[in-house]
Novice: 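One structure, pasted below without further comment.
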Amino acid sequence: MALDSKIPEGSISDKWTNYKDHINLVNPANKRNLDIIVVGTGLAGGSAAATLAELGYNVKSFCFQDSPRRAHSIAAQGGINAAKNYQGDGDSTFRLFYDTVKGGDYRSREANVHRLAEVSTNIIDQCVAQGVPFAREYGGLLDNRSFGGTLVSRTFYAKGQTGQQLLLGAYSAMNRQIGRGKIKMHNRHEMLDLVIVDGKARGIIARDLVSGKIERHSAHAVVIASGGYGNVFFLSTNAMGSNVTAAWKIHKRGAFFANPCYTQIHPTCIPVSGEHQAKLTLMSESLRNDGRIWVPAKIEDAKAIREGKLKPTQIAEADRDYYLERRYPAFGNLVPRDIASRAAKERCDAGFGVNKTGEAVYLDFAAAIQRYGVDQARLKHQDENDLALVTKLGTEVVANKYGNLFQMYEKIVDENPYSTPMMIYPAVHYTMGGTWVDYNLQTTIPGCFSIGESNFSDHGANRLGASALMQGLADGYFVLPYTIGDYLAPDIKMGTISTDSPEFEAAEKNVLAQIDQLINANGTKPADYFHKKLGKIMWDKVGMARNATGLAEAQAEIAQIREEFYKDVKIPGTADSFNPELTKALRIADFLELGELFAKDALNRNESCGGHFREEYQTPEGEAQRDDENYAYVAAWEYKGSPSDAVLHKEALVFDNVKLVQRSYK
Ligand SMILES: Cc1cc2nc3c(=O)[nH]c(=O)nc-3n(C[C@H](O)[C@H](O)[C@H](O)COP(=O)(O)OP(=O)(O)OC[C@H]3O[C@@H](n4cnc5c(N)ncnc54)[C@H](O)[C@@H]3O)c2cc1C
C-alpha cells in the first residue's frame, strides 16, 4: 500500500487556509445523525470531544481513569508554546515552524508543522476565554518564558501546573456537553479492539474495568487520543496508567505505526534511586530558564561528592564545569532536550556524576536567586549589598515562578533546592513515534483518526519543550473538527451502525480469547515482573544510546520475554470482575510487542537524529550525525502477524521551506 500524506497544494502558508476553504462540510442538522467515538480524554481527546459535540456530533468518549480530568495531561508542568510574539523578541509563525522542524532534527512533515504554528495563537485565545489562569505580568498581560531550542520567549504557563489548568479548561468544555447529552462519557473503560466494517472503522470493543464486562460500541468514525507509550521502558515520567494498547490494537488492525524508536529522554528528572521505584519524576524544563547545569570540573571533587566528603556549595566557581554553557554558548542551558540529555550522560560516563550511582548532575539556582534578589532590592530601594536580604528577595521570586516544583523536589529527595543545587538525570518522557497519520490526522484505516501524543506527531525525531500541549490542543480544538467533517460528509444518511454484525462479533471474540489466555496461564510471576525485564532491556539497549549489536539482541530478548510472559504470567482473580492485574497484563502484552518493533525500527535507521542516537553515527564532537540522503523519511510499519514480520513503508520528507543542514546550537 502506497502512503499518501494528502498534503494540500499551494505555498506552505496557504495550505491550511485553502484546505479549509474547499473541504466537504456537514450541515448542522446532519451532524446530529453522526456518532464519533473518542478514545482518550487528555488534552487531545478532551478538546476534540468537546469541540465535536459543540459542533453537533454525538460523541462517545472513553477513558480508563475514573474521570476525564485524571488523564495524564494533567501532569504537564512547564507550559505551552504559541507564536504570539507578546515579548516583541522576533517571534513569528515562521519562526515557530522553523524551530520545530529544526528541533526535530528535520524528520517531520513541513505542512503539518506549519499548520501547528499557525493555529498555536488560537489555542491561547481559546484557553483564556475558558478561564485558564495563565501567568500574567505586573501590567496584566500574559507572561512568557523560554524553553529549549529557541531564542525567543513564547511559552505560556500557569506556574508549574500548565497541564492541569489546560485540562480543567477542556474538561469544563466537555462537561457542558456531557450535561447536554451530546457526550456520552464512559469512564473506567479500556478500549481493547477496533471494529472495521467494509474497510472502515465503525466501532470499538471496550472492557468495563469495574465489572469486567466486554462491551460493543459503534460509531461512524473512531478517534484515538490515547497518549504516548513511554512506559514501554517501565520507568518513565509518564503516569503509571499510560499505555500503548489503543494505538497498538489499531496497528494490528491495519494502522501503520510510524517511527516507534523516536523517544524523548528528558534531561531534568529526579535520578533513579533504586530497584524499588515504579515511577520517575520530572523537574520541568522551565527550570532551565533560571537553573544552571553543572558538574565538578575536577574528577577528584566529583569522587569526594559521591563519597559524601564534599558538598556542592563548597566547590568554587572556577572549579565548576557548566558544560552546556561551555559547549553551546548561543543556547546554553536551553539547548533542546536530546542534546542536554546526551551531554549529561557524557559527563556522567566520564566519571563526573554527583550522586551515589554516579548518574546525576546539578541544576543550580544560586545565581538566579542572587540576580533576582539584586533586581528586587533595587526596585524596592533597599540595600543590594545585604546578602541575606538579597537572598531572601531572590528566593521569593524563584518560589513564585517554580514553587510547586521545588516543593515536589524537596518532598522526594529531602533536600532544600533553594539552598543546595538539585540533582537531575535524564529519564524517558515522551514518544514522538506513534500511529502514522496523513494531513487529515487519519490513519491508514479509513475512519480511524489519531491525535495528540498517540500519533507520530509533528515533532520529528525530537520534540521541543512545551510543544506537546500545543499539538494536542491544536489537533483537538482546531484541526480534527475540520478534517473529520470532510471524511463524514458522505455518511450523513447512513443511520446508526448496528453492533450485531459479524465484524463486532469477531472483534469481541478476539478480545475474549486474549483475556482467557492470560487468565488461564496460571503461571508463577506477576505481570510487573515481565514489564520490569522489558524495561531494563529497553533502557540498556534501546535507550539513550543504541548500537546495531544491542538492538539485534534486544529484539531477540524481547521476543523471548513475550513467550515467557504468556506461559508464566500469574493473574489472580477472574475476568468478569474488577481486576487491576488483568488490566495491567493486557497492557504489558502490547508493550512486549511494541518493544520489539521499537528496536527493529532503531536498527533500521542507520543514522542518528534527535532523540535517536546510534553510537555508530556521530560527529567527532559527539553530536547526532544524520544521513539525509538515505533516511529523510518517516518509517511507517505495517503489521503482518508479528513485530518481527512488520513491513516498512517510507514517507519521503520534502523540505522546501527550511534548509536541510546539520543542526547546530552553538
Ligand atoms: C511529567 C510530564 C510533564 C509534562 N509537561 C509538559 C509541558 O509542560 N508542556 C508540554 O507541551 N508537554 C508536556 N508534557 C507532555 C504532555 O503532557 C503530553 O504529551 C500530553 O499531555 C499528551 O496528551 P494526550 O491527550 O495525547 O494524552 P494523555 O493526556 O496521556 O491522555 C490519554 C487518554 O487516553 C485514555 N486512554 C488511553 N488508552 C486507553 C484505552 N485503551 N481505552 C480507553 N482510554 C484510553 C486515557 O484514559 C486518557 O484519558 C509532559 C509530560 C509529562 C510526563
Side-chain angles (χ1 to χ4, degrees), residues 37-49 61-82 123 145 147 155-167 170-171 174 185-194 204-207 209 217 223-231 236-239 241-250 264 266 268-269 279-286 337 405 408 427-432 434 450-455 457 459 463-473 475-476 583 586-587 590:
I37 285 175
V38 181
V39 177
T41 59
L43 284 174
S47 57
S61 187
F62 293 78
C63 72
F64 59 72
Q65 291 92 348
D66 53 4
S67 157
R69 193 165 72 82
R70 288 181 183 267
H72 156 67
S73 290
I74 202 130
Q77 300 173 347
I80 175 166
N81 289 329
I123 298 171
R145 55 189 174 199
F147 264 58
T155 305
F156 294 78
Y157 65 101
K159 246 190 176 178
Q161 304 163 343
T162 315
Q164 178 176 344
Q165 299 306 332
L166 293 172
L167 192 60
Y171 173 66
M174 269 187 92
M185 190 63 231
H186 300 270
N187 297 328
R188 308 198 83 174
H189 275 67
E190 186 118 321
M191 171 199 161
L192 293 177
D193 209 349
L194 179 77
I204 63 168
I205 305 296
R207 180 164 178 268
L209 296 179
H217 297 272
V223 179
I224 302 299
S226 54
Y229 52 84
N231 280 346
S236 88
T237 64
N238 289 7
S242 295
N243 68 86
V244 76
T245 289
W248 195 253
K249 297 301 189 199
I250 66 167
Q264 176 158 91
H266 197 299
T268 56
C269 302
K279 167 96 183 72
L280 295 176
T281 306
L282 174 76
M283 289 285 103
S284 166
E285 176 163 313
S286 59
R337 293 173 180 176
L405 301 172
M408 202 158 76
V428 173
H429 179 65
Y430 180 88
T431 44
M432 282 78 66
S450 179
I451 60 174
E453 193 175 338
S454 73
N455 72 25
S457 84
H459 311 292
R463 171 175 73 79
L464 290 183
S467 285
L469 303 186
M470 172 173 70
Q471 183 226 332
L473 291 181
D475 287 0
T583 304
L586 285 162
R587 294 172 183 169
D590 293 328

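One is the number of the first residue; the rest follow in order along the sequence. Atoms within each ligand, like the ligands themselves, are counted from 1 in listed order.
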Novice: Within the distance-only criterion (no hydrogens, no angle test), does the side chain of Thr162 pair as donor or acceptor with the backbone N or O of Ala158 below 3.5 angstrom?
Specialist: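 Side chain of Thr162 to backbone of Ala158, a donor-acceptor pair under 3.5 Å: yes, one is there.
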
Novice: Using a strict cut-off of 4.0 Å, indicate which atoms of ligand 1 neighbour a heavy atom of Phe62.
Specialist: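 Listed by number with element: 44 (N).
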
Novice: Suppose I only count heavy atoms of Cys63 and a 4.0 Å limit; which atoms of ligand 1 are within that range?
Specialist: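 Matching atoms, with element in brackets: 44 (N), 47 (O), 49 (O).
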
Novice: Is there a donor-acceptor contact under 3.5 Å from the side chain of Ser454 to the main chain of Ile224?
Specialist: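 Answer holds: yes.
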
Novice: Is the shortest N/O to N/O distance between Asn238 and ligand 1 below 3.5 Å?
Specialist: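 N/O-N/O distance under 3.5 Å: no.
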
Novice: When you measure from the heavy atoms of Gly472 to every atom of ligand 1, does any distance fall below 4.0 Å?
Specialist: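 Not so, Gly472 does not reach ligand 1.
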
Novice: Pull out every atom of ligand 1 sitting under 4.0 Å from any heavy atom of Thr237, numbered as shown with elements.
Specialist: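 Going through ligand 1 atom by atom, the ones under 4.0 Å from Thr237 are 1 (C), 53 (C).
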
Novice: Any nitrogen or oxygen of Ala71 lying under 3.5 Å from a nitrogen or oxygen in ligand 1? Just yes or no.
Specialist: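 Between Ala71 and ligand 1 (N or O atoms, distance only) the closest approach is not under 3.5 Å.
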
Novice: To which of Gln471, Arg463, His189 does the heavy atom nearest atom 14 (N) of ligand 1 belong?
Specialist: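 Nearest heavy atom to atom 14 (N) of ligand 1 lies in Arg463.
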
Novice: Which protein non-hydrogen atom lies closest to atom 39 (C) of ligand 1, naming both residue and atom, and how far is it?
Specialist: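 Looking at atom 39 (C) of ligand 1, the protein heavy atom closest to it is Phe64 CD2, 3.8 Å.
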
Novice: Among protein heavy atoms, which sits nearest to atom 27 (O) of ligand 1, and what does the distance come to when rounded to 0.1 Å?
Specialist: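 Residue, atom and distance for the closest contact: Gly227 CA, 3.3 Å.
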
Novice: I'd like to know if the side chain of Thr268 and the backbone of Met283 have a donor-acceptor N/O pair within less than 3.5 Å.
Specialist: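 Yes; judged by distance alone, with no hydrogens or angles, the pair exists.
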
Novice: Could you tell me the separation between the OH atom of Tyr171 and the CZ atom of Arg70, rounded to the nearest 0.5 Å?
Specialist: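 Reported value, rounded in 0.5 Å steps: 9.5 Å.
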
Novice: Which residue and atom name correspond to the protein heavy atom nearest atom 53 (C) of ligand 1, and how close is it?
Specialist: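 The protein heavy atom lying closest is His72 CE1, 3.0 Å.
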
Novice: May I ask you to check if ligand 1 and Gln77 share an N or O to N or O distance below 3.5 Å?
Specialist: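 It does: an N or O of Gln77 is found under 3.5 Å from an N or O of ligand 1.
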
Novice: Nearest heavy-atom pair of Ala49 and Met174: which atoms, and what distance?
Specialist: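 Reported closest heavy-atom pair: CB-CE, 4.2 Å.
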
Novice: Are any of the N/O atoms on Gly452, whether in the backbone or the side chain, positioned under 3.5 angstrom from an N/O atom of ligand 1?
Specialist: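 N/O-N/O distance below 3.5 Å does not exist for this pair.
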
Novice: Below 4.0 Å from any atom of ligand 1, is there a heavy atom belonging to Thr162?
Specialist: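 It does not; every heavy atom stays at 4.0 Å or beyond.
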
Novice: Is there a donor-acceptor contact under 3.5 Å from the side chain of Gln264 to the main chain of Thr431?
Specialist: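 No, the answer is negative, given that no donor and acceptor are paired below the 3.5 Å cut-off.
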
Novice: Show me which atoms of ligand 1 lie under 4.0 Å from any heavy atom of Gly40.
Specialist: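 Near Gly40, meaning under 4.0 Å from one of its heavy atoms, ligand 1 has 33 (C), 34 (O), 35 (C), 49 (O).
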
Novice: Return the minimal non-hydrogen interatomic distance between Ser47 and Gly472, and the atom names on each side.
Specialist: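 Shortest heavy-atom separation between Ser47 and Gly472 comes out as OG-O, 3.8 Å.
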
Novice: Taking all atoms of both residues into account, what is the closest heavy-atom pair of Gly230 and Asn238, and its distance?
Specialist: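 Reported closest heavy-atom pair: N-ND2, 3.5 Å.
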
Novice: How far is atom 38 (N) of ligand 1 from its nearest protein heavy atom, and which residue and atom name does that atom have?
Specialist: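 Ranked first by proximity to atom 38 (N) of ligand 1 is Ser226 CB, 3.5 Å.
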
Novice: Tell me, please, which residues at least two apart from Arg69 pass salt bridge (Lys or Arg N to Asp or Glu O under 4.0 Å).
Specialist: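 Arg69 satisfies salt bridge (Lys or Arg N to Asp or Glu O under 4.0 Å) with no other residue.
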
Novice: Any nitrogen or oxygen of Leu282, side chain or backbone, less than 3.5 Å from one on ligand 1?
Specialist: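 Checking ligand 1 against Leu282, no N or O pair falls under 3.5 Å apart.
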
Novice: Under the 3.5 angstrom rule, does the side chain of Lys249 hit a backbone N or O of Val244 as a donor-acceptor pair?
Specialist: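 Pair absent, no side-chain N/O of Lys249 close to backbone of Val244.
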
Novice: Measure the acute angle between the ring planes of His459 and Tyr430, then classify it against the limits of 30° and 60° as parallel, tilted or perpendicular.
Specialist: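 Judged by the thresholds at 30° and 60°, the geometry between His459 and Tyr430 is perpendicular.
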
Novice: For atom 51 (C) of ligand 1, tell me which residue out of Gln65, His429, Met191 has the closest non-hydrogen atom.
Specialist: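 The residue whose heavy atom sits nearest atom 51 (C) of ligand 1 is His429.
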
Novice: Would you check the N or O atoms of Gly228, main chain and side chain alike, for any that come under 3.5 Å of an N or O of ligand 1?
Specialist: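 N/O-N/O distance below 3.5 Å does not exist for this pair.
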
Novice: Does the N or O separation between Phe147 and ligand 1 drop below 3.5 Å for any pair?
Specialist: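 No, Phe147 has no N/O under 3.5 Å of an N/O on ligand 1.
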
Novice: Report yes or no: does a heavy atom of Ser284 sit under 4.0 Å from some atom of ligand 1?
Specialist: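 Ser284: no contact with ligand 1 (<4.0 Å).
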
Novice: Within the structure, does Tyr430 bring an N/O atom to less than 3.5 angstrom of an N/O atom in ligand 1?
Specialist: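 Among all N and O atoms of Tyr430, none is under 3.5 Å from an N or O of ligand 1.
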
Novice: Using a 3.5 Å distance criterion without hydrogens, assess whether the side chain of Asn243 forms a donor-acceptor pair with backbone atoms of Gly241.
Specialist: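 Yes.
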
Novice: What is the nearest protein non-hydrogen atom to atom 19 (O) of ligand 1, stated with its residue, atom name and distance?
Specialist: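 Heavy-atom neighbour on the protein nearest atom 19 (O) of ligand 1: Glu453 OE1, 2.6 Å.
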
Novice: For atom 11 (O) of ligand 1, what is the nearest protein heavy atom, given as residue, atom name and distance?
Specialist: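 Ranked first by proximity to atom 11 (O) of ligand 1 is Leu469 N, 2.8 Å.
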
Novice: Hey, are Ser242 and Asn231 close enough side-chain-wise for a donor-acceptor pair under 3.5 Å?
Specialist: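 Looking only at side-chain atoms, Ser242 and Asn231 do not form any donor-acceptor pair under 3.5 Å.
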
Novice: Checking Glu453 side chain against Met432 main chain: does a donor-acceptor pair fall under 3.5 Å?
Specialist: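 Not a single qualifying donor-acceptor pair exists.
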
Novice: What atoms of ligand 1 come within less than 4.0 Å of a heavy atom belonging to Gly78?
Specialist: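 Per the distance check, 7 (C), 8 (O).
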
Novice: Just wondering, are more than 12 heavy atoms of other shown residues or ligands nearer than 6.0 Å to CZ in Arg587?
Specialist: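 Check passes, neighbour count above 12.
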
Novice: I need the nearest protein heavy-atom contact for atom 12 (N) of ligand 1: residue, atom name and distance, please.
Specialist: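 Protein heavy atom at minimum distance: Ala468 CB, 3.4 Å.
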
Novice: Under a 4.0 angstrom heavy-atom cut-off, which atoms of ligand 1 come close to Ala44?
Specialist: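 Near Ala44, the atoms of ligand 1 are 25 (O), 26 (O).
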
Novice: Partners of Arg188 by salt bridge (Lys or Arg N to Asp or Glu O under 4.0 Å), sequence neighbours excluded?
Specialist: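 Arg188 satisfies salt bridge (Lys or Arg N to Asp or Glu O under 4.0 Å) with no residue once adjacent residues are dropped.
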
Novice: List every atom of ligand 1 that sits less than 4.0 Å from any heavy atom of Ser467, numbering the atoms from 1 in the order shown and giving each element.
Specialist: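 The list of qualifying atoms is 11 (O).
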
Novice: Give me the nearest non-hydrogen protein atom to atom 7 (C) of ligand 1 as residue plus atom name, then the distance to 0.1 Å.
Specialist: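 Checked against all protein heavy atoms, atom 7 (C) of ligand 1 sits closest to Gly79 O, 3.7 Å.
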
Novice: Is there a donor-acceptor pair closer than 3.5 Å between any side-chain N or O of Ser73 and the backbone N or O of Gly42?
Specialist: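 No, Ser73 side chain to Gly42 backbone: no donor-acceptor pair under 3.5 Å.
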
Novice: Say whether Gly465, considering both its backbone and side-chain N or O atoms, lies within less than 3.5 Å of an N or O atom on ligand 1.
Specialist: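 No, no N or O pair falls under 3.5 Å.
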
Novice: Using a 3.5 Å distance criterion without hydrogens, assess whether the side chain of Lys279 forms a donor-acceptor pair with backbone atoms of Thr237.
Specialist: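 Pair found, side chain donor or acceptor close to backbone of Thr237.
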
Novice: Taking the side chain from Glu190 and the backbone from Phe64, do they hold a donor-acceptor pair closer than 3.5 Å?
Specialist: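 Not at all, since once roles are kept as given, no pair shorter than 3.5 Å links the two residues.
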
Novice: May I ask you to identify, for Ala225, whether its side chain, its backbone, both or neither come under 4.0 Å of ligand 1 on a heavy-atom basis?
Specialist: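 Backbone only.
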
Novice: For ligand 1, which atoms, with element, lie under 4.0 Å from some heavy atom of Ala76?
Specialist: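 In order of number, 3 (C), 4 (C), 5 (N), 6 (C), 7 (C), 13 (C), 17 (O).
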
Novice: With a cutoff of 4.0 Å, is Ser242 in contact with ligand 1, counting heavy atoms of the residue only?
Specialist: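 So Ser242 does not count as touching ligand 1.
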
Novice: Please check whether Ser73 reaches ligand 1 - meaning an N/O of the residue sits under 3.5 Å from an N/O of the ligand, judged on distance alone.
Specialist: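 Yes, Ser73 has an N/O under 3.5 Å of an N/O on ligand 1.
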
